[in-house]
Engineer: 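Questions regarding the structure given below will be posed in turn.
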Protein chains: 4
Amino acid sequence: MCQPSSHRPSGRPRSTDAGPAILAATRAALVELGWSGLTLGDVAARAGVAKTTLYRRWAGKNELVVDAVAALFEEQLELPDRGSLEADIHGVVLCFAGLLDRPETRTALMAVVAEATADEALRLRIRAAIVDRQKHLVLTGRERAQRRGELPPDDGPADPARDDLIFDVVAGAVVHRLMVSSQPVDDVWAHRLARLLVAGLAGVYTDGA
Amino acid sequence: MCQPSSHRPSGRPRSTDAGPAILAATRAALVELGWSGLTLGDVAARAGVAKTTLYRRWAGKNELVVDAVAALFEEQLELPDRGSLEADIHGVVLCFAGLLDRPETRTALMAVVAEATADEALRLRIRAAIVDRQKHLVLTGRERAQRRGELPPDDGPADPARDDLIFDVVAGAVVHRLMVSSQPVDDVWAHRLARLLVAGLAGVYTDGA
Amino acid sequence: MCQPSSHRPSGRPRSTDAGPAILAATRAALVELGWSGLTLGDVAARAGVAKTTLYRRWAGKNELVVDAVAALFEEQLELPDRGSLEADIHGVVLCFAGLLDRPETRTALMAVVAEATADEALRLRIRAAIVDRQKHLVLTGRERAQRRGELPPDDGPADPARDDLIFDVVAGAVVHRLMVSSQPVDDVWAHRLARLLVAGLAGVYTDGA
Amino acid sequence: MCQPSSHRPSGRPRSTDAGPAILAATRAALVELGWSGLTLGDVAARAGVAKTTLYRRWAGKNELVVDAVAALFEEQLELPDRGSLEADIHGVVLCFAGLLDRPETRTALMAVVAEATADEALRLRIRAAIVDRQKHLVLTGRERAQRRGELPPDDGPADPARDDLIFDVVAGAVVHRLMVSSQPVDDVWAHRLARLLVAGLAGVYTDGA
DNA sequence: CCTTAAACGAGACGGTACGTCGCGTCTTTCA
DNA sequence: TGAAAGACGCGACGTACCGTCTCGTTTAAGG
């Protein structure tokens, strides 16, 4: 007697559902069609919403996608103790690569980063939502290695710039290999990266860089 | 031994001027209008070329921009001998960062990479036009360091995967710091990255990884 | 009983001005530029309308021109009572010839008919928009002549095929003389044609063909 | 002294096959694709000829098609004596309709007529090639009817304008019915037209119009 | 026999219009 | 009154043909 979805969707009660539905539709469309293939008309149709409603809440395509994608980066990666610095790095590299293997994450990250090249506010937002949120991985790993004696202890206050470097090197290498070089991040590669870093860190720390 | 495949270049040959003119026009338009404002019609007009000519040589906006930006990489990235492996790495890092400071490079590279997440052909083109063409930097730097004795010589054939790793680490770190972490690549950071890598490479090479 | 089919005129209704404005612009462009010079983009610009609007309402150049020209036929051809069947025919022949003297009518009609030789849908559109709408001229003239006693009354239901014949003979003779024979339709010729038809009709009707 | 213009037939002579092949290809393409669908590139491909060759010999699409089509109208219709004026008219109407049933004739005629609306020279050419060439049908039929006594003899010199009228009426009615009204010319219709004309002619001739 | 010169095939070129698509705005009707 | 539906102006898209222009390759005639 009642149609499952259509024929009576008219009226106002839609307004509470509309926001999340639109964001979900945006994510789905982004995965299927990519950034440039994504269409506001299509998003509206998927969300069962009129284009007008969409424009009432977001200024345009960019803003909508950024909002839709933000939630994906809320989750924190974890760093279980794998017994050695090298094993820890090896593990987190594979874990991060696994995250970027999911199409929605991959597309979303690059889309947002690309958009941010011309948007200072967005850039800050990315830093807060992604970078700062994952920095703890480096911190944890470094302190753990220092406790193990794999790295010398800090004599003074910790140097955050050093941790930042490690973060950019690890995350950057993974992203660059996957996105730009179009090569897989497999076990062998992760091992090599981990050994490179362990050796490099040892050399750097003894120098007191 | 002359042409590998098509020994019959029948018909009017392609204009030799058009290609470079189009790429230059693309870069100019990118600077002025940004990625989303870039129009193939506008590029054609700037290049003094018909839109059709442009489409005869490139499949679309993405492909064109990849090539246009690739040329920038080509002419911008060089590796003069700075006397030591560390100085070489330090130099190329700053040079690469300088390239990514230019708005057209930054915007174009990120936009194209973002688009490539859902486009295998584009991904391959990026690899061919940008990644593979810059690999020689790593090769040159590594061989130079081996001649200097900073790295041990290869006993067998060179391992390309090892060079690839270095490439992804260097380029990835720079890109990630600039684009994701939104931090500048300054002299200090470049020095630290260079020392990290030099130390790491020394450790890795003696291991025979 | 109101709308025959679509009882859901949801959404913004189509502009009431656009249609006539487009048709008028089409006629104007036809006069200035001729058939082959006519551009839908130009028509849209003249009508102060977007090209898309034009394509929302007509499938292409041919369909648009058929409708634009049909309106001319509509407003131009009338059949005032000139007192006798012969005078009526004579009048309508000159009137029709006058219509075909205007360059836009001549060019458009022939071009569209030529195009229709390979396009069934277009042929039907021509019939609906032009032929069927002008059939009433024959009907009116015939009934008037019957009331005058110039032609015998129908004893049964009217025979539409007979009216069709008259229509094709009159219109065809005028068009053929102007377009194929390249001879003017002047007063003398119109008189002769009218007399031929009046005599012929008298003969045919008494036979009961 | 021999060649009217080109005093030096030096160089490679024009291919003798190309011309006819192009014209044949044009006719074939015209039938398949219609006037507007016809493409010079396509014609060239069908004829196994380069587009250049085509443009060396014709100025453009219109000129080519007119030439290609001209040959189709060279053939003269015939008028066997069918025993009565009415039978003669009936026969020639069906014969003419049969001619216009062939797609190449139909398309060609209308294409050329359409093109001629803006081309005086072409109009004259049509008159010479088609109209004047077929007028003999009317002449023959009229004289035969006069010999039979179906029409009164001319007391003075024959009136060509009267014959022209008949020609335009017959040919025009057939063309109009087929092309504009989109109705078939069948036996019944041909009979009716013949009877209308016989009756009309009788009336007109006795008047001495 | 070997030049010479036009015509040839192939196909890239600068243009122009095409018909489509998506954007973001607007005007309706409906609940 | 807010939301659906959808037409609108705008502008870029990528394609198709146009008619022109090189190219390298035939193919005769004439030296």
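Lettering of chains follows the sequences in order, A, B, ..., and the numbering in each one begins at 1.
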Engineer: Using OP1 and OP2 only, check whether a side-chain N or O of C/Arg57 sits under 4.0 Å from F/dC8.
Structural biologist: yes
Engineer: Among all residues two or more places apart in sequence or in another chain, which pass the side chain to side chain contact (heavy atoms under 4.5 Å, CB included) test with C/Glu74?
Structural biologist: C/Arg133
Engineer: If you measure from OG1 on B/Thr105 to CG on B/Leu72, what distance do you get to the nearest 0.5 Å?
Structural biologist: 5.0 Å
Engineer: Nearest heavy-atom pair of B/Ala70 and B/Ala129: which atoms, and what distance?
Structural biologist: CB-O, 3.4 Å
Engineer: Could you tell me whether the side chain of B/Arg12 has a donor or acceptor atom within less than 3.5 Å of a complementary atom in the base of E/dC13?
Structural biologist: no
Engineer: To the nearest angstrom, how far is B/Leu54 atom CG from E/dA12 atom P?
Structural biologist: 15 Å
Engineer: Counting just side-chain N and O atoms, does B/Arg56 come under 4.0 Å of either OP1 or OP2 of E/dC13?
Structural biologist: yes
Engineer: Just by protein heavy atoms under 4.0 Å, how would nucleotides 11-16 of chain F read 5' to 3' in B, S and -?
Structural biologist: -SSBBB
Engineer: What residues form a side chain to side chain contact (heavy atoms under 4.5 Å, CB included) with A/Val69, not counting sequence neighbours?
Structural biologist: A/Leu30, A/Val65, A/Phe73, A/Ala108, A/Val112
Engineer: How would you list, by chain and number, every residue that makes a side chain to side chain donor-acceptor pair (under 3.5 Å) with C/Asn62, sequence neighbours excluded?
Structural biologist: none
Engineer: Could you work out, with side chain to side chain contact (heavy atoms under 4.5 Å, CB included) as the rule, every residue matching B/Thr107, not counting sequence neighbours?
Structural biologist: A/Thr117, B/Trp35
Engineer: Could you check whether any side-chain heavy atom of D/Leu33 comes within less than 4.5 Å of a side-chain heavy atom of D/Thr39, counting everything from C-beta outward?
Structural biologist: no
Engineer: In whole Å, what is the span from the CG atom of D/Leu64 to the P atom of F/dC17?
Structural biologist: 16 Å
Engineer: Please confirm whether the shortest side-chain N or O distance from D/Thr53 to OP1 or OP2 of E/dG9 is below 4.0 Å.
Structural biologist: yes
Engineer: Mind checking whether A/Asp42 and A/Leu38 have side chains closer than 4.5 Å, heavy atoms only?
Structural biologist: no
Engineer: Between atom CG in D/Asn62 and atom P in F/dG19, what is the gap in whole Å?
Structural biologist: 8 Å
Engineer: Under 3.5 Å, which protein N or O atoms sit close to an N or O of nucleotides 2-4 of chain E? Give each pair with its distance.
Structural biologist:
none

Engineer: Could you check C/Val49 against D/Gly37 and say which one's nearest nucleotide on DNA chain F is further toward the 5' end?
Structural biologist: C/Val49
Engineer: Which pairs with one or both residues in residues 108-118 of chain A pass salt bridge (Lys or Arg N to Asp or Glu O under 4.0 Å), sequence neighbours excluded?
Structural biologist: none
Engineer: Could you state the interatomic distance from CH2 (A/Trp58) to CG (A/Leu40), rounded to the nearest 0.5 Å?
Structural biologist: 10.5 Å
Engineer: In this structure, how many angstroms lie between the P atom of F/dA7 and the CD1 atom of C/Ile22, rounded?
Structural biologist: 14 Å
Engineer: Once you round to the nearest 0.5 Å, how far does CD1 of A/Ile22 lie from CG of A/Leu54?
Structural biologist: 4.5 Å
Engineer: If you only use heavy atoms from C-beta on, which nucleotide in F/dC8, F/dG9, F/dA4 is closest to the side chain of A/Ala50?
Structural biologist: F/dA4
Engineer: Show every salt bridge (Lys or Arg N to Asp or Glu O under 4.0 Å) that has at least one partner inside residues 16-34 of chain D, sequence neighbours left out.
Structural biologist: D/Glu32-D/Arg46
Engineer: Taking the axis from the first five pairs and the axis from the last five, what angle separates them in the helix from E/dT3-F/dA29 to E/dA31-F/dT1, rounded to 10 degrees?
Structural biologist: 20°
Engineer: Rounded to the nearest Å, what distance is computed from the CZ atom of residue D/Arg14 to the P atom of nucleotide E/dG9?
Structural biologist: 12 Å
Engineer: Suppose we screen for side chain to side chain contact (heavy atoms under 4.5 Å, CB included). Which residues come up paired with B/Ala118, at least two apart in sequence or across chains?
Structural biologist: none
Engineer: Tell me which pairs pass salt bridge (Lys or Arg N to Asp or Glu O under 4.0 Å) where either residue lies in residues 52-68 of chain B, with sequence neighbours left out.
Structural biologist: B/Asp67-B/Arg125
Engineer: What parts of residues 23-34 of chain B reach DNA chain E, counting only heavy atoms under 4.0 Å away?
Structural biologist: none
